[in-house]
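Shown next, in structure tokens, is the structure this report addresses.
Keep in mind that the numbers below use all heavy atoms, side chains included, and drop hydrogens, waters and symmetry copies.
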Amino acid sequence: MVGRHLGRAITEEQRRRWVNLLFDAADEAGLPADPEFRSAFAAYVEWGSRLAVMFSQPGREVTVPETMPKWDWGNRPPWQPPSH
């Protein structure tokens, strides 16, 4: 995926716009709204979009394979408000 962004000169403004559109699309698609899922989703989107900006700058080359972090939503059940 890194190679797809090489030389595209993505700006921070474009990155933020793409992130906002992706979050809107997640809402429209009905992705879970619980905090644990959204936190993991946001972390992945922020990580990937910032790498895209970094690797898209003119003259940037990929010299080593980039590792993919693992975000996990399944370690805990979704947050539930306390029952009264």
Side-chain angles (χ1 to χ4, degrees):
M1 198 57 157
V2 169
R4 299 258 184 213
H5 297 94
L6 289 175
R8 296 189 183 267
I10 300 169
T11 66
E12 178 60 21
E13 181 181 0
Q14 290 169 323
R15 184 197 74 79
R16 285 192 314 266
R17 177 72 175 132
W18 183 84
V19 166
N20 289 333
L21 289 169
L22 191 58
F23 289 155
D24 289 347
D27 291 339
E28 288 179 28
L31 291 183
D34 69 81
E36 286 82 7
F37 176 84
R38 287 301 172 117
S39 176
F41 182 68
Y44 174 75
V45 170
E46 286 293 329
W47 171 81
S49 65
R50 289 176 192 279
L51 279 181
V53 169
M54 183 175 69
F55 282 109
S56 75
Q57 299 313 303
R60 183 67 190 235
E61 295 180 14
V62 180
T63 57
V64 295
E66 291 295 317
T67 58
M68 178 72 141
K70 181 179 179 187
W71 287 270
D72 192 355
W73 179 40
N75 292 337
R76 299 180 263 166
W79 179 82
Q80 296 292 322
S83 58
H84 297 272

Would the distance check show the side chain of Arg38 and the main-chain N or O of Pro32 forming a donor-acceptor pair, the cut-off being under 3.5 Å?
yes
All heavy atoms of Leu22 vs all of Phe41, minimum pair found to be CG-CZ, 4.2 Å
Counting C-beta onward and ignoring hydrogens, is there a side-chain heavy-atom pair between Trp18 and Val45 closer than 4.5 Å?
yes
With clusters defined by side-chain heavy atoms of hydrophobic residues (ILVMFWY) lying less than 4.5 Å apart, directly or transitively, does Ile10 cluster with Phe23?
no
Inset, instruction - Could you tell me whether Arg15 and Glu12 have a side-chain N and a carboxylate O separated by less than 4.0 Å? - result: yes
Compare all side-chain heavy atoms of Leu51 with those of Met54 and state whether any distance is below 4.5 angstrom. yes
So CD of Gln57 and NE2 of His5: to nearest 0.5 Å the spacing works out to 11.5 Å
Q) Are any of the side-chain nitrogens in Arg50 or Glu46 under 4.0 Å away from the carboxylate oxygens of its partner? A) yes
For the pair Trp47 and Tyr44, name the ring-plane relationship: parallel under 30°, tilted 30 to 60°, perpendicular over 60°.
tilted
Sidechain-backbone polar pair: Ser56 side chain, Val53 backbone, donor-acceptor under 3.5 Å: yes
